[in-house]
Student: 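Here you go, one structure.
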Amino acid sequence: MEDKLTIDVTRINPEGETIEGEVGCVDLDEEFVKPFGGVRYRLDAQVFGTELLVRGHLEQDFDLVCSRCGKDFDDTVEVDDYTFSCQIDEHNPEVDLTEDVRESIILTLSTYPVCSERCQGVEQTAEMPADERWGALDGLRVGDAEPKGT
Ligand SMILES: [Zn+2]
């Protein structure tokens with residue numbers, strides 16, 4: 001897998017062109033956030049006068065740890081409306097998008113990932129005021145899962 005995403009503006013079709021691939025550029029080394037595979041990209045690149053305009057879709061798979069319950073889960077971070085533009089330097093026609101793509105993925109990554117919107121976590125009772133209705137629901141669930149003879 002490539003570790004750089006570069007576009008040579010002299011080779012872009014004047015009508016615009018779609019570039020697709022995978023670039024391994026999200027090199028986070030966090031205990032609770034581990035990328036796997038690379039950033040998959042599908043981008044439309046076009047040159048307008050002296051400007052390069054790129055827009056499209058990015059996605060990266062992660063191994064995450066739920067901030068509520070502490071379980072490992074997989075998630076895909078997607079950037080639907082990625083855009084990049086820069087002035088073209090005719091002496092240096094190769095534009096490097098690597099760092100910008102990496103930042104877009106990291107900015108989209110949630111600071112507090114949760115395995116599910118409905119995840120109840122493990123410390124709910126400590127954080128939330130006691131509410132008998134929840135207690136009743138818990139009792140019901142336990143009863144369903146572990147039927148006990150009466
Ligand atoms: Zn969870």
Side-chain angles (χ1 to χ4, degrees), residues 1-9 11-13 16-48 51-88 94-150:
M1 196 191 335
E2 300 284 329
D3 62 357
K4 290 254 178 234
L5 172 51
T6 57
I7 295 176
D8 183 341
V9 294
R11 292 170 62 180
I12 294 281
N13 186 327
E17 121 172 33
T18 301
I19 54 170
E20 285 182 86
E22 189 169 356
V23 55
C25 64
V26 180
D27 50 358
L28 283 178
D29 189 21
E30 301 282 337
E31 190 178 352
F32 299 128
V33 181
K34 293 191 198 310
F36 60 93
V39 179
R40 295 181 295 278
Y41 58 86
R42 187 171 201 283
L43 303 169
D44 295 319
Q46 193 163 3
V47 173
F48 292 97
E51 194 175 14
L52 170 69
L53 184 66
V54 179
R55 56 204 313 173
H57 184 91
L58 307 172
E59 57 182 49
Q60 165 80 58
D61 294 327
F62 282 95
D63 245 336
L64 299 169
V65 173
C66 176
S67 63
R68 290 187 197 160
C69 69
K71 269 192 240 161
D72 290 336
F73 68 105
D74 297 343
D75 201 7
T76 303
V77 168
E78 298 185 60
V79 181
D80 273 326
D81 52 356
Y82 175 74
T83 56
F84 174 92
S85 65
C86 70
Q87 289 295 315
I88 294 163
E94 196 170 73
V95 176
D96 189 346
L97 276 74
T98 313
E99 190 56 28
D100 197 70
V101 162
R102 177 178 186 276
E103 274 179 25
S104 290
I105 291 288
I106 290 173
L107 288 175
T108 307
L109 189 61
S110 169
T111 315
Y112 298 103
V114 288
C115 61
S116 153
E117 282 305 316
R118 291 184 302 170
C119 175
Q120 306 257 324
V122 286
E123 294 185 52
Q124 178 208 358
T125 50
E127 287 169 7
M128 293 174 75
D131 183 328
E132 284 177 8
R133 286 172 300 175
W134 287 110
L137 204 60
D138 281 346
L140 205 63
R141 284 193 189 136
V142 170
D144 283 343
E146 300 168 37
K148 283 177 190 143
T150 46

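We're numbering straight along the sequence, starting at 1. Predicted, not measured: the structure shown is a model, and the values here were computed from it.
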Student: Compare every heavy atom of Val65 with every heavy atom of Pro113, then report the nearest pair and how far apart it is.
Tutor: CG-O, 3.7 Å
Student: Taking only residues two or more places apart in sequence, or in another chain, which ones meet Asp3 in a side-chain contact (heavy atoms from CB on, under 4.5 Å)?
Tutor: none
Student: Taking only residues two or more places apart in sequence or in another chain, which ones pass side-chain contact (heavy atoms from CB on, under 4.5 Å) with Leu43?
Tutor: Leu5, Ile19, Tyr41, Val54, Leu58, Tyr82, Leu97
Student: Who pairs with Asp44 by salt bridge (charged side-chain N to carboxylate O under 4.0 Å, His left out), at least two apart in sequence or on another chain?
Tutor: none
Student: Please table the atom pairs, donor to acceptor, closer than 3.5 Å between any side-chain atom in residues 101-109 and protein atoms at least two apart or in another chain.
Tutor:
unit_1	atom_1	unit_2	atom_2	d
Arg102	NE	Cys25	O	3.4
Arg102	NE	Asp27	OD1	3.0
Arg102	NH2	Asp27	OD1	3.0
Ser104	OG	Asp100	O	3.1
Thr108	OG1	Ser104	O	2.7

Student: Quick one: does Phe73's side chain get under 4.5 Å of Val114's, heavy atoms only?
Tutor: no
Student: Check whether any side-chain heavy atom of Cys115 sits under 4.5 Å from a side-chain heavy atom of Cys69, and report yes or no.
Tutor: yes
Student: Restricting to non-hydrogen atoms, name the atom on Asp96 and the atom on Lys4 that form the minimum distance, rounded to 0.1 Å.
Tutor: OD2-CD, 3.7 Å
Student: Checking Asp74 now: which residues fulfil side-chain contact (heavy atoms from CB on, under 4.5 Å) with it, not counting sequence neighbours?
Tutor: Phe36, Asp63
Student: Rounded at 0.5 Å granularity, tell me how far CD in Glu22 sits from CE in Met1.
Tutor: 4.5 Å
Student: Got a sec, which residues hit salt bridge (charged side-chain N to carboxylate O under 4.0 Å, His left out) with Arg40, two or more places apart in sequence or on another chain?
Tutor: Glu59, Asp61
Student: Report the residue from Arg42, Glu20, Glu78 that forms a side chain to side chain donor-acceptor pair (under 3.5 Å) with His57.
Tutor: Glu78
Student: Kindly compute the distance separating CD (Gln46) from CG (Leu53), expressed to the nearest 0.5 Å.
Tutor: 7.5 Å
Student: For Glu31, enumerate each residue passing the salt bridge (charged side-chain N to carboxylate O under 4.0 Å, His left out) test, keeping only those at least two apart in sequence or located in another chain.
Tutor: none
Student: Please enumerate all residues that pass side-chain hydrogen bond (donor to acceptor under 3.5 Å, both in side chains) together with Asn13, with sequence neighbours excluded.
Tutor: none
Student: Test of understanding: with salt bridge (charged side-chain N to carboxylate O under 4.0 Å, His left out), list the residues that count as partners of Glu94, not counting sequence neighbours.
Tutor: none
Student: How close do Pro35 and Gln60 get, heavy atom to heavy atom, and via which atoms?
Tutor: CB-NE2, 3.5 Å
Student: Considering residues at least two apart in sequence or located in another chain, which fulfil the side-chain hydrogen bond (donor to acceptor under 3.5 Å, both in side chains) criterion with Thr83?
Tutor: none
Student: Of all residues at least two apart in sequence or in a different chain, which pass the side-chain hydrogen bond (donor to acceptor under 3.5 Å, both in side chains) check with Glu117?
Tutor: none
Student: If only atom types and distance count, is the side chain of Arg68 paired as donor or acceptor with the main-chain N or O of Cys119 below 3.5 Å?
Tutor: yes
